[in-house]
Amino acid sequence: MNKLVKTSVLLSTAVILGSAVAPLAANAATYKTINWQETSDLGTMDPSKVTASVDFDALQATGEGLYRYGQDAKPELALAESVQKSDDGLTYTFKLRPDLKWANGEPLTAQDFVYGWQRTNDPKTASQYAYLFSGIKGADDIQSGKDKNLNDLGVKAVDDTTLEVTLDKPMPQLESILTMAPFYPQSQKFVEKVGSKYGTASKYTLASGPYVQKGWTGSNNKYSLVKNTNYWDAKAVKTPKVSIQTIKDQNTGYNLYKAGKLDFTNLSPDQVKASKKNKAYKVIPQATTFYLELNEKKVAALKNVKIRQALSYAIDRKTMSEKILTGTATPATTLTPQNLAKDPNTGKDFAKSAAVKGAISYDKAKAKKLFAEGLKEEGKKKLNLQVLTDDTDGAKRTAQFLQSQLQNLSGLKVSIKTVPFKQRLALSEDKNFDVVISAWGADYAEPSTFLDLFTSESTFNNGSWANADYDNAVKAASTTDVTDENKRYDDYKTAEQAIEKDAGVVPLYYRSLATLSRPSVKEVVTNPVGAQYDWKWAYKK
C-alpha cells in the first residue's frame with residue numbers, strides 16, 4: 001500500500017473557532033472525544049502531494065471530492081449532488097450541491113475543482129498521484145510537459161455549480177478514484193496566499209470535509225480534528241473532536257489503551273495472543289501488499305534475474321506471517337493482493353487466478369543455487385545489501401527476520417537501516433537505497449491500482465525494474481482493451497505473471513490490522529481501498 005485562506009491565516013482560524021464553539025458545546029454533552037492511534041507520522045496535508053496512508057486518513061477527514069466512500073464501502077456522490085454521463089461515456093457533467101462552503105465560510109465552487117486538478121497535473125507540483133488522471137483529456141501530455149497549457153486538461157467550470165469532465169478514453173475506475181484526495185477541490189486564493197507552506201501544518205490547510213484539523217505543526221506527533229460546521233453534511237457528523245497521535249511503540253499504545261487514554265490501537269504479535277478473547281479485539285482486512293523493492297539503478301547485481309529470484313525464494317513467508325506478524329499477515333503469492341477484485345474470466349479472486357504456481361514461494365535449495373549462479377554471471381563472490389525500513393516495531397521485526405533469512409545465501413551480507421517513515425519515503429523516491437521494505441494499499445478495486453506502479457515510466461517504480469511484456473500488458477489494459485472487461489483482466493493477468501516470474505519486486509505478505517477498538521466507539525468506516533479510516537459518521541457515547 002506509498003503527496004486553504006481568507007485575508008490572513010490568523011483571521012481564518014479565528015472564524016473557524018468562533019463558528020464552532022456553540023455546536024461543540026452542544027455535542028459534547030452527548031458525544032465524547034475519540035482518541036485514535038496512527039503508527040506513522042503525518043507527512044503532508046497537501047492533496048496534490050499526498051502518498052502515504054496516514055496522510056490519506058487525515059485528508060479524508062478534512063476534505064471531500066465529488067464522491068466519497070459511503071458506510072457500505074461503495075462510492076457515493078458527495079460534494080456533487082448529481083451526474084450526467086454522455087452516450088459515448090467520455091463526458092461527465094456534475095452538478096455541485098448548492099451553497100457549498102470552505103471551512104472559513106467562503107464559497108466552494110466548480111472552479112476550485114478546476115484549480116485543484118490543474119495544480120495536481122502541473123509538472124511543477126511533482127505530484128506522484130497525478131498518474132491517476134491518465135484517461136482524463138490532456139492529462140498525460142500536461143504531466144509529461146508536452147502540453148504547457150493547463151487549461152487543456154479535461155475539467156471545466158461551466159458555472160459555479162456545474163463541472164464538466166472530459167475523458168480521452170473510458171475509465172472503469174473513475175467513480176472510485178474521484179473519492180481520493182488528489183481529486184479534491186483546492187482554493188486558489190488560499191494556496192497562493194500561503195505559498196510553499198501549503199499543507200505543511202494545520203494553519204496552512206483549509207477544510208472542505210467533515211472536520212477541521214488543529215494542532216499539527218508539521219513535525220509534532222499529535223493533532224485533533226474538530227467538527228467543521230460549514231460542511232454541507234454537518235448534521236451527519238456527531239463527534240465534536242477526534243484526537244489523533246502517532247505512537248510507533250506498540251507497547252506504549254497497548255498500555256494507553258488499557259489505561260483508557262486511547263480508543264484504538266494496533267497490536268504486536270504478543271499482544272494479539274493476549275487479546276484474542278477480548279471483545280474489543282478486531283482484525284481489519286486490507287487490500288495491501290508489503291514487498292521488497294530492489295534498486296537496480298544503484299546495485300548493478302540486482303539487474304540479474306537469478307539474484308532477484310534467489311532473494312525471493314530465500315524468504316519463508318509462512319513463518320514470517322505466523323511467528324513475526326501474528327494476526328496481521330497472510331503470506332503473499334502475488335503482487336496484487338487477495339480480496340481486491342474478481343477475475344471475470346474465471347470467477348475467482350484475481351490474485352488466485354493470476355498466481356504463477358511456485359513463483360513466489362520458499363525454496364531454500366533453489367535460492368542458494370540461483371544466487372550462486374547469479375553471482376558467477378556478475379563476476380562476484382559476495383554481495384552486500386542494506387535493507388531500508390521504517391522505525392516502527394513491526395517494521396524492525398520484519399527487517400530482522402528478512403536479514404536472518406537472506407543471509408542464509410552464501411556470499412550475501414545484509415545490514416539494516418531504520419529511519420522515520422517520512423524519511424523512508426524520501427529515500428525511496430530519490431532511489432537512495434539498496435533494498436527497501438515498501439507497501440501499497442489499493443486506491444480502488446481493480447488490479448491496475450497495483451500493476452500501474454511498476455511500468456518502466458512510473459514515478460512509483462523506485463527499483464527501476466523494466467519489462468517490455470509487462471509494460472505492453474498494462475498499456476493494453478488502459479487503452480485497446482479498456483472497455484472489454486474480459487480482455488482487460490487477461491492483460492492484468494499477463495502483467496501480474498510477468499512481474500512474478502521476473503521478480504520485479506519481492507512480495508512478502510498481504511496485511512491485515514490486528515487492533516483493539518473500544519466498543520463504545522461506533523460507526524468508524526474502515527475501507528479496504530483508499531483511505532483506511534473515515535470518522536465522518538463515528539461517535540463515542
Can you list everything that forms a side-chain hydrogen bond (donor to acceptor under 3.5 Å, both in side chains) with Glu496? Sequence neighbours excluded, please.
Thr336
Could you tell me whether the side chain of Phe450 reaches within less than 4.5 Å of the side chain of Pro337, counting heavy atoms only?
yes
Arg308 and salt bridge (charged side-chain N to carboxylate O under 4.0 Å, His left out): which partner among Glu378, Glu296, Glu500?
Glu296
Polar side chain donor-acceptor pair, Asp140 to Ser134, under 3.5 angstrom:
yes
Honestly, is Arg317 close enough over Tyr362, meaning NZ or CZ under 6.0 Å from the six-membered ring centre and within 45° of the axis?
no
Is the shortest heavy-atom distance from the side chain of Ile142 to the side chain of Phe133 under 4.5 Å?
no
Take Asn251 and Gln271 through the test side chain to side chain donor-acceptor pair (under 3.5 Å) and record every step on the way to the result.
CA-CA 8 Å; Asn251 287 326; Gln271 292 161 3; 3.1 Å; yes
In the structure I gave you, are the side-chain heavy atoms of Met45 and Leu59 within less than 4.5 Å of one another anywhere?
yes
Of Phe56, Phe183, Tyr184, the one forming a ring pair (Phe, Tyr, Trp, His ring centres under 6.0 Å) with Tyr129 is Phe56
Would a 4.5 Å heavy-atom cut-off, applied to side chains only, mark Val505 and Leu453 as touching?
no
Does the side chain of Leu256 reach to within under 4.5 Å of the side chain of Asn35, using non-hydrogen atoms?
no
Counting only heavy atoms not in Lys475, do more than 12 sit closer than 6.0 Å to its NZ atom?
no
Does the side chain of Lys396 reach to within under 4.5 Å of the side chain of Asp391, using non-hydrogen atoms?
yes
Quick check: do Ile499 and Trp465 have side-chain heavy atoms less than 4.5 Å from each other?
yes
